[in-house]
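Here is the structure we will look at.
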Amino acid sequence: MWLFLAPEFHERGSFRAFIAPPAPLFAMGRSASGQMNRSLDVALLCTAIVVATARDSHAYIDPGAGSLLLQVVLGGAAALAVLTRRYWATLKSRLGRRTAVAPRDRPQ
Amino acid sequence: MSLPHPEGGSFRDPAGRVWRAGARIYRSVAPRGAADYEFVRSTGLLDRWSGEGRVVAAQEVDPGVLGAAGAGAAYVLEHPKVPFVSHPYEWSFVQLQAAACLQLDLHLEALRDGVSLSDASAYNVQFQGARPLFIDVLSFRRYRDGEPWLGHRQFCEQFLNPLLLRALLGLTPNAWFRGSPEGIPAGDLARLLTWRHLLSFNTLSHVWLQARLQVRARASSQTQLETLKRRPLPRRSLEGLLEQMRRWVARLSVRDRQPSLWSDYAASHGYAGAEEADKRAFVADFVARTRPSMLWDFGCNTGDYAALALAEGAGYVVGFDADHGALDAAYRRADQGGLAFLPLHMDAANPSPDQGWDHRERRGLAARGPADAVLALAFVHHLALGRNVPVDETLRWLIGLAPRGVIEFVRKDDPTVRRMLALREDVFDGYDESAFAAAVGRRARIVREEEISSTGRRLYWYDRT
């Protein structure tokens, strides 16, 4: 069930996509000459996106491909969990302030 | 002033390295690490944390103190010395758990100021008594947007998996961890888990799935790996992963098959009340008169005598025991009392050796001595009778570790020894009181000796100075 929470899973539709780069980069060599220009444009756009988000890796130790892939998989759910927890905490503190006005008797 | 020499275990991070010069500890910051160091320094985090006692204090000093070795360093820091360096494979469950929580807490706090941790090595945490202390200030780097948790694999192998071995399987990880000092791989742990363990989302993800993905990644091409390297992880996701891990690790608890042998030692120690008092008085007298700054307590059990020694004026006590139930209890005592007491797992018949790269990365027990004094109470017979180490050898080893100490002789017909030898043949002809005293006397002066139980136990205070 949790796999479906990873947004990438839906977008690419395939688990293998996690380790495969965007398809157009590979399609470039195979397209017919008539579609060459369009594929080239798409490829350049994808490359631009990748380059724009690219970072030099500052990992001096081997982070482990398994670990990086796992973080891709869990990332979406983890962010969601953080947001939910913070929202819930804010909600609880707001509710807490309201009931502080009319305290209830709690059994000891 | 001794020449500085590089610390054996500090070479992997190109941002800098640690040096020893006599009793002083320095850390040089290489030019490539300068920018990150300056940024982290500007946030004030390091100062705040060292004030709280969670990160080692660092003082910038003139690079000239390192002489030629410091040439080219952008900065040189001096750190106060940790009283006794210990390794993660010598820690009990609660110690490793405390160290793991510190690592994660620091990472989460750092992120709020735009700082991240570049690794998650368990060797970056040391203990001062019961307090974990993060010692590698150069692990803190400026957070780059989109950077994943780079230390996640290392965290799992050096913190999480050893904890899970005990929490999920009831196995103590120390022997394995010591043999594999860079940690326990997810793939190995995954093989030991049953389907029941995998019902936990956390275990399923960080152990089983990580292992499967690692295997899968072997089939990746270079291009695919490059893409993976560049794939950004949103900051909120990073925080989420850290928080989730923090919550999970804090909740873990020991799951042992049966209660450990000595954890209820107090009930079965073979002393009547008054005899216990005599033993305590002897040890208290020894400590009060010798005032050791560093005392090693072999067979420290739950730390009764360690606590006594500290109360009587010992500076710092390192306790060694092979029983995990006792160690967990000893750590809790140190933690609750804020004691300068560090209990560690050690099998005296197989103490930690020098290991790692060039046998110099992780120093063994002997290399971390000598101590000022040793206590060996209800201990020698475990080696001499339990493990067949000749009693003369045992005493030679013990007396060699510190110039003075208290050693207890327990007779073969003592109830606890009889039980230990119940299934065995008595091959210990040379084990008796006179041979014991002679073996001590050959190597040191016996300052004081006293019989302290009706079963013939004797204490010997030796001094070889």
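Here is the naming used below: chain letters follow the sequence lines, and residue numbers restart at 1 for every chain.
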*Count the heavy-atom pairs under 4.5 Å between each of B/Leu238, B/Leu242, B/Val215, B/Asp119 and chain A, then report the option with the highest count.*
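Heavy-atom pair counts peak at B/Asp119.
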*asked:* A/Val72 vs B/Leu233, test: side chain to side chain contact (heavy atoms under 4.5 Å, CB included). Steps then yes/no.
replied: CA-CA 7 Å; A/Val72 167; B/Leu233 182 78; over 6 Å; no
Roughly how far apart are [X] [atom1] and [Y] [atom2], rounded to 0.5 Å?
X        : Y        : atom1 : atom2 : value
B/Trp149 : A/Leu70  : CH2   : CG    : 10.0 Å
B/Leu150 : A/Gln71  : CG    : CD    : 8.0 Å
B/Arg231 : A/Leu69  : CZ    : CG    : 9.5 Å
A/Asp62  : B/Gln154 : CG    : CD    : 10.0 Å

*More than 12 heavy atoms from other groups under 6.0 Å of CZ on B/Arg178*: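 Enclosed.
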_Heavy-atom neighbours of B/Arg236 CZ exceed 12 at 6.0 Å_ =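 Atom CZ in B/Arg236 is not packed in, count stays at 12 or less.
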Could you tell me if the side chain of [Y] sits less than 4.5 Å from the side chain of [X], heavy atoms only?
X        : Y        : answer
B/Gln210 : A/Ser67  : yes
A/Leu74  : B/Leu241 : yes
A/Val82  : B/Glu243 : yes

*asked:* Heavy-atom cut-off 4.5 Å, strictly under: side chain, backbone, both or neither for B/Arg32 against chain A?
replied: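 Neither; nothing under 4.5 Å.
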*Looking only at heavy atoms, which two atoms of A/Ala78 and B/Ser237 are closest? And how far apart?*
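Answer, listing the atom of A/Ala78 first, then B/Ser237: CB-O, 3.8 Å.
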*How far apart are the closest heavy atoms of B/Leu225 and A/Ala65, and which atoms are they?*
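For B/Leu225 versus A/Ala65, the nearest heavy atoms are CD2-CB, 4.3 Å.
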_One thing to verify: whether B/Glu239 and A/Arg86 come together as a salt bridge, which I'm taking to mean a side-chain N less than 4.0 angstrom from a carboxylate O._
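Looking at A/Arg86 and B/Glu239, the cut-off is met.
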